[in-house]
Amino acid sequence: MSWIDVLSKIVEVFPPSDAYRFDETPPLVAPRPAENFVVVKPSNSEEVSAILKFANEKSIPVFTRGGGTGLSGGAVPTEEGIVLSTEKMTELEVDADNRVAICGAGVTLKQLDDAAFRHGLSFPPHPGAETATVGGMIATNAGGVRALKYGTMRNYVLSLEAVLADGRIINAGGKTIKNSSGYSLLHLLVGSEGTLAVITKATIRLFPQTRDMTLLAIPFPTMEDAMNCVVEVARKMLPMALEFMEKRAVEIGERVSGERWVSREGEAHLLMVFESFDEAEEAAKIAQSLGAIDVYAATTKKDQDRLLKVRGMIYEGLRKEVIEVLDACVPPAKIAEYWRRSNELAEEYGIELITYGHAGDGNVHQHPLVYEGWEKSYFEFRKSLLSLAVSLGGVISGEHGIGAVKLSELEELFPEQFELMRQIKLLFDPKNILNPGKVVRKL
Ligand SMILES: Cc1cc2nc3c(=O)[nH]c(=O)nc-3n(C[C@H](O)[C@H](O)[C@H](O)COP(=O)(O)OP(=O)(O)OC[C@H]3O[C@@H](n4cnc5c(N)ncnc54)[C@H](O)[C@@H]3O)c2cc1C
């Protein structure tokens with residue numbers, strides 16, 4: 001009897017299909033999926049436990065998959081094995097008195113947002129793709145535009161249920177904001193990208209709903225002017241979003257959205273969202289005093305949506321032309337320097353880079369466009385670029401994760417940490433069945 005026959009006695013087994021073969025990683029850098037794999041869709045942690053126990057005994061690789069919206073190839077089954085999809089694990093309960101949601105790993109961002117809203121609450125982080133799942137967002141420590149004020153996924157996970165490689169079910173944390181109870185296994189699992197355990201359930205912190213918003217759109221003559229404004233504003237207040245776009249990114253957003261941005265002048269543009277009109281007014285004054293070309297305030301939802309659409313559609317306009325989406329994070333006060341030096345480096349290699357990002361938290365999204373013979377020089381360029389981010393006090397990934405695409409940079413730039421990560425992996429998953437070859441090299 002083949003291992004698939006035995007597995008099908010534990011859980012229903014589905015044949016491979018493209019829906020489980022790829023994620024949203026741009027194809028030029030995405031890992032190559034295996035030809036043969038099977039898909040399982042457990043409904044609860046006991047089923048996950050039985051599947052992992054079996055896979056561990058037989059040393060069969062298991063690739064956990066949430067919404068498949070990842071941008072680092074994390075969910076791609078790179079070896080013959082089992083794709084464990086969390087799509088049926090969608091139980092969701094809101095405990096409004098304690099401001100938490102108890103979610104199955106497969107609950108989507110949209111389902112969580114809607115449930116929180118129905119209870120008069122909100123889930124502030126909004127990492128772009130609404131079909132991303134709670135399990136996937138935790139496993140990548142997802143961020144988004146509101147991280148400056150509201151933090152990343154790590155700041156929302158109060159407790160986790162997870163299944164270890166050998167099938168043991170563990171619970172870490174509780175329904176409490178505070179927790180000083182020994183080593184934080186919970187935070188070790190946040191950002192572990194399916195390599196240490198399968199997350200099956202999580203208690204997620206909710207917030208009061210946001211109040212009326214004011215949006216400012218501000219063009220600046222130079223990136224340095226814009227970033228001086230970012231630093232000054234964030235010294236005095238925390239906007240809900242503080243985004244930047246270089247001029248070319250704005251032009252792409254305009255073209256794809258069919259909307260008009262506030263100005264075509266200036267090298268850099270800021271988009272700030274405030275929950276208080278007074279703060280927006282103060283920020284506008286700061287921008288004017290620091291050389292803004294103009295300050296445009298949008299107070300109606302229609303006007304705000306129009307401008308947010310320009311920012312929101314940039315990636316759509318670039319999707320087919322990019323080699324990949326980079327997401328290095330640098331200290332916010334270093335963004336202008338990183339941007340300028342990145343562009344100089346790109347010019348040396350003859351590479352066109354389109355850049356925008358989350359100025360408030362330093363997360364810079366750089367989009368290298370495909371060029372003839374890119375395979376020969378691109379990876380050397382990327383290594384230099386990410387080294388530059390690290391030399392400025394930054395990190396190589398702010399929100400997309402390492403997955404299958406940034407292992408060599410992690411290893412080269414952080415050798416001691418990389419070795420410790422390998423040892424941690426060995427402790428959690430001695431047979432290396434959980435997402436092998438992702439984040440750390442195979443042992
Ligand atoms: C248009 C677009 C916009 C985006 N914007 C943002 C953004 O603003 N901020 C941001 O942070 N990201 C963004 N992303 C990336 C992506 O949405 C996030 O990485 C998201 O957290 C992935 O969730 P997922 O459920 O799709 O995970 P998947 O892609 O399915 O998996 C991602 C990783 O998590 C692991 N995993 C999934 N579920 C589990 C589980 N239950 N237990 C253990 N491991 C698990 C997988 O093995 C894989 O390694 C964007 C993506 C797109 C396509």
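In listed order, ligands and their atoms are each counted from 1. Treat the numbers as computed from the prediction; the structure is a model and nothing was measured.
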Are any of the N or O atoms of [X] closer than 3.5 Å to those of ligand 1?
X      : value
Glu399 : yes
Thr133 : yes
Ala132 : no
Thr140 : yes
Asp23  : no
Leu71  : no

Top protein contact for [atom], by heavy-atom distance:
atom                    : answer
atom 42 (N) of ligand 1 : Ile199 N, 2.9 Å
atom 13 (C) of ligand 1 : Pro127 O, 3.7 Å
atom 20 (C) of ligand 1 : Thr69 OG1, 3.7 Å
atom 47 (O) of ligand 1 : Thr64 O, 2.7 Å
atom 37 (C) of ligand 1 : Gly136 CA, 3.5 Å
atom 11 (O) of ligand 1 : Gly143 N, 2.9 Å
atom 34 (O) of ligand 1 : Ala139 CB, 3.4 Å
atom 31 (O) of ligand 1 : Ala75 CB, 3.8 Å

Note to self: Using heavy atoms and a 4.0 Å limit, tell me yes or no: is Gly144 in contact with ligand 1?
What the structure shows: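 Gly144 counts as a contact of ligand 1 under the 4.0 Å cut-off.
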
Next item on the list: Using a cut-off of 6.0 Å, state whether more than 12 heavy atoms not belonging to Lys431 lie near its atom NZ.
Entry: yes

Checklist line | Aromatic ring proximity, centroids under 6.0 angstrom, Tyr156 and Phe123 | finding: yes

Notebook entry, point to check: Which is closest to atom 2 (C) of ligand 1 by heavy-atom distance: Gly73, Ser192, Ala129?
Noted result: Ala129

